[in-house]
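Input: a single structure, listed below in structure tokens.
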Amino acid sequence: MSNPDTRPSSSSFEIRSSRIQSGDTVLLRQPNGDIKSVKIQKDSTVSVGRIGYFHCNELIGQPYGFSYDMEQKKLRVLPPKTLDDVEDTDATNELINDGEFVQPLTIAEITALKQSGVHASDIIKKQIEQHANYSLKTEYSKEKYKKRKEAKYSKSFTTIEPTLFNVCEYWFNKDQNRIRDIRPDTLSQMLNLANINPGGKYIVVDDASGLVVSAVLERMGGHGRLITICDTDSPPAYPVMINMNFKPDIVAPLVSLNWATSQEDYAPVGPPSEVPPEEIRSDRQKQRLRKRKLVNDALEKTREELFTGEFDSLIVASQYDPDGILQQLVPYLTGSASIVVQSPHLQVVSDLQNKLRNTPGYLGPNVTESWLRRYQVLPGRTHPTMNTSGSGSYILHAIRV
Amino acid sequence: MWSTNPLIAPGDTVILWLTREAIQPLLIEPGKEFNSKFGSYRHSELVGVPYGSKVPSRTGKGFIHVLRPTPELWTLALPHRTQILYLADISFVTAYLGITSGSVVVEAGTGSGSFSHSTLRTIGPTGHLFSYEFHQNRLNKAKTEFAEHGFDTSRVTLELRNVCKDGFGDNVLKLLNRGGEEEEEGARGARGADAVFLDLPAPWDAVESAKRVLRKDKQTRICCFSPCIEQVLRTVTALNDAGFSDITTYETLLRPHDISSVPSLPTIAEARSKIVDIEVRKEEKRVLQVMSGHRGNPGKQAKDQDGKSRDAGVGEKRKREAKDKGDSDEKGEEGKGDEQIGEVEDSNSDVGGGKRIKVEREDRAAGDVRMEVDIEPDSVARPEGLTSTSGSSAEQKILTRVMPEVRGHTSYLTFACLLPQVVETPSMRAKRQKGEKVEMNEEETQEGNFNGEVREKMSTEDESNQEENKSGGDKDGMAS
Ligand SMILES: C[S@@+](CC[C@H](N)C(=O)[O-])C[C@H]1O[C@@H](n2cnc3c(N)ncnc32)[C@H](O)[C@@H]1O
């Protein structure tokens, strides 16, 4: 934990506007379930895949979560889907699609079953099953059937609130490699294990397109300090962060170093920012020097901050050997700080665990994998959903002592 | 929230890490003493010690780690008064509900406060937690804990209430939520919670009242935590009836992996040599017996052989035990030293065993070479691993498996969303102003807070209308 004086007072920052603003990037769910990310700009038009276009001004000022009907670039708010609609569209596809009623067992079939040695109770069960389908089918009036067909071909979409969970899930389904297989459940565990809270001081190594950086920033709520160490000479663009629609205050705690500038013995390569006055020839040169000095000073300040240490936790989601990363960064952690290392590969974290448990300074290094299952809950038809992801990657957690 | 100072002070709650399985809280009260099989410690001796220190026992026997509490450690250490939530569920619920810095969260029941501690950490000083509990004693305990742990009491409201019978009361709606566009424009703030979490036996009875305390200017979320699928079904029906949408159920678990290292897996060549070795010895014995003319005592011969093979079995078993012991990490800090000694002893005996086999099979050159290779690293690689030189991993094989005893089920997490009051799009407004009726499915708009009246009045630009609409919406919520 950090000093009390860096903790927020009563001043509070909103993470993002609760209404869609011009300049926001918004996730839209299409009727077929696909999600599209669109940039909303005042007075412009946006396309939603194949289903059509709408005028951005229609969406500006709207809260997240509504479904809209699209007609001539205009948007009309639709009522929320109830469970009946869900049943309509998902649960009974196979019955409606073949357009035929499932017939109860015929006398001939029953006789055949009997002759094949099937027990009477099983036959009755089978009859009921068939019958259940039958009655289920008749529940769907022509009206409802028509409505369902309409929904299928409708030009509608739903806006998705860019919570951490939703953004992570979107990226996980879109391209899980780019976020190093971090599933929302895994991400949430990383944040909790690292004890991220407003006002803390954290170090993050994020080769996961900025997912971890975005997550930590959100939980910091604009208070504290976040230093990221990257592998590029200038701070990288974090594509995930674009989806978060953070207000500027929320990003303020973030500063970046790289694997060269974060070395204590790093000597800047490049032109000096300070030149003897007699060598300054033009105002432009003077300006350039001043700018260079500002950049260098900021860098020096960040380095100083890192080397001063006393950071509350370290999160690593990196392609690089974690052993080397820990050797360099763990000395900057305070006593009792949390260390979280994530990897898509069990081997990487188990090798690390095997090493850390025999290294002084690391308490209780352990490796976990998150397991997640989603269920369809409908009367009489409750079961786990078919498409469950295989793995949401692995986490090593240890405490610095 | 807890101490943020680098050093332990009187009155601090600290976490004592004895072993991974024995983690417990301690309130530092100089004058008192902490005694356990890991030694005895005067509280006064812990004062001034940096958090994260390894403290040796006064008696010189054993040591403990003294840690700064985090909600995750607290969950492992807290005194159980009820069933509690653990990391996997807590973090998942937090993320799904969108709980973050500044969130206003409603929780029932408080129980042992495991979820509450994590939530208070995450929402920070600008958020607010309303926690309800109908058991007076549990409520008092939670109150004491929050005070002892230094939580700012102005951001947590603990209330004695049967939320299934009496709802959540008025406190939530009295609080001004820091979020919401309105705040930026002046004094008006959003009222109500961002998220509701229900960990009660009958959450369906609290769903309607939960809806009332959720803010209506943005999408909000609810989670009901129930161990049985029948409860889930009832909850889903209640949520649907109350007008919640996007209802979905998850289950999440943590699978801890057990990691061990071996120099290499035993080879079938090793097994083969062992078998051949026994055969050779048997044959040698037989020949010896034949030569010395010992006939007519088959009983003794059989017993002898039996004895030998039993011996070999015991040796194997001991070896395996030693391996298991060495591999399972974190057997209590105190035990660790012993373990290492144990290992060395065992590897010594391994070497002995190896030598014996080698000597006995001097004449079997081919098998010999393999046995030397197979056995020697066993005794050498382990100490090397302990010094953790980075090169040694090449010879080591790291084995992982899911821990055999792992929690198989906690609860089902049923989530749902509540949509805000409708805000007209410019084209909807234009249509209305032209006097056209905006078509909506009346039958469905009666449900939930998606109500027809709101749409008639609301507009994006004319914010002043919103106040009226909000009260209209609230009234609606209360009436249902
Ligand atoms: C399983 S515990 C909650 C554990 C808590 N989530 C934790 O992590 O420590 C359930 C609690 O709900 C309380 N409870 C049950 N029904 C209630 C009701 N109708 N109103 C308020 N509290 C209730 C019980 O007294 C019990 O303490």
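First the proteins, then the strands, lettered A, B, ... as listed; each starts at 1.
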Of B:T249, B:V232, B:T248, which meets side-chain contact (heavy atoms from CB on, under 4.5 Å) against A:Y375? B:T249
Identify the heavy atoms of B:W17 and A:G364 that sit nearest to each other, and give their distance. CZ2-CA, 3.8 Å
Between atom CZ of B:R20 and atom CG of A:L363, what is the distance when rounded to the nearest 0.5 Å? 8.0 Å
Answer yes or no: is there a side-chain heavy-atom contact under 4.5 Å between B:Y51 and A:T334? no
Minimum-distance pair of heavy atoms, taken over all atoms of B:P71 and A:N195: CD-OD1, 3.5 Å
Counting heavy-atom pairs under 4.5 Å to chain B, which of A:E161, A:M190, A:K74 comes out on top? A:E161
Heavy-atom pair count under 4.5 Å with chain B, highest-scoring of A:L346, A:T158, A:N192, A:L59: A:N192
Options A:Y68, A:Y64, A:Y394, ranked by heavy-atom pairs under 4.5 Å with chain B, top entry: A:Y64
Portion of B:R234 that has a non-hydrogen atom of chain A nearer than 4.5 angstrom: neither
Contacting region of B:S53 [heavy-atom separation from chain A under 4.5 Å]: neither
For the CG atom of B:L73 and the OG atom of A:S338, what is their distance to the nearest 0.5 Å? 7.0 Å
What part of B:P256 gets closer than 4.5 Å to chain A, counting heavy atoms only: side chain, backbone, both or neither? both
Side chain, backbone, both or neither: which part of A:T382 has an atom under 4.5 Å from a heavy atom of chain B? side chain
Donor-acceptor contact below 3.5 Å, side chain A:S336 vs main chain B:R68: yes
Take atom CZ of A:R29 as the centre, draw a 6.0 Å sphere, and report whether it contains more than 12 heavy atoms from other residues, nucleotides or ligands. no
pair A:V367-B:T400: side-chain heavy atoms closer than 4.5 Å: no
Using side-chain heavy atoms (C-beta onward) and a distance below 4.5 Å, is A:F66 in contact with B:P420? yes
Part of B:E72 lying under 4.5 Å from any heavy atom of chain A: side chain
Is it the backbone or the side chain of B:I229 that comes under 4.5 Å from a heavy atom of chain A, or both, or neither? side chain
Cut-off 4.5 Å, heavy atoms of chain A, and the answer for B:T122 is both
With a 4.5 angstrom heavy-atom cut-off, which part of A:L75 approaches chain B: side chain, backbone, both or neither? both
Heavy-atom distance under 4.5 Å to chain B: side chain of A:I196, backbone, both or neither? backbone
Under a 4.5 Å cut-off applied to non-hydrogen side-chain atoms, are A:V377 and B:I247 in contact? no
Given that the side chain runs from C-beta out, which part of B:L399 has a heavy atom under 4.5 Å from chain A: side chain, backbone, both or neither? neither
Distance in Å, A:S370 OG paired with B:F92 CZ, rounded so as to fall on 0.5 Å steps: 8.0 Å
Output for pair (A:L191 CG, B:R121 CZ), nearest 0.5 Å, gives 9.0 Å
Verify the distance criterion only: is there a donor paired with an acceptor across the side chains of A:E58 and B:S427 at less than 3.5 Å? yes
Between A:S350, A:P63, A:P184, A:A337, who has the most heavy-atom pairs with chain B when the cutoff is under 4.5 Å? A:S350
Please look at A:L372 and chain B and tell me whether the side chain, the backbone, both or neither of the residue comes under 4.5 angstrom of a heavy atom of that chain. both
Rounded to the nearest 0.5 Å, what separation is found between the CD atom of A:E14 and the OG1 atom of B:T126? 11.0 Å
Should B:L233 and A:L378 count as side-chain neighbours, where that means a heavy-atom distance under 4.5 Å? no
In terms of heavy-atom proximity below 4.5 Å to chain B, should A:Q347 be classed as side chain, backbone, both, or neither? neither
Note, A:R357 side chain near B:I259 side chain (heavy atom, < 4.5 Å): yes
Check: B:S91/A:Q189 side-chain N/O donor and acceptor closer than 3.5 Å: no
With a 4.5 angstrom heavy-atom cut-off, could you sort out which part of A:T163 is near chain B: side chain, backbone, both or neither? side chain
side-chain contact (heavy atoms from CB on, under 4.5 Å) partner of A:T368, the single match among B:L254, B:L87, B:V402: B:L254
At their closest point, which heavy atom of B:V423 faces which heavy atom of A:G61, and how far apart are they? CG1-O, 4.0 Å
To the nearest 0.5 Å, what is the distance between OG on B:S101 and CG on A:L217? 11.0 Å
With the side chain counted from C-beta on, respond yes when A:Q62 and B:T425 share a heavy-atom pair under 4.5 Å apart, and no when they do not. yes
For B:M428 and A:V77: C-alpha separation, side-chain torsions, deciding distance, then whether side-chain contact (heavy atoms from CB on, under 4.5 Å) applies. CA-CA 8 Å; B:M428 284 163 79; A:V77 181; 3.6 Å; yes
Charged N-O contact under 4.0 Å between B:R255 and A:E369: yes
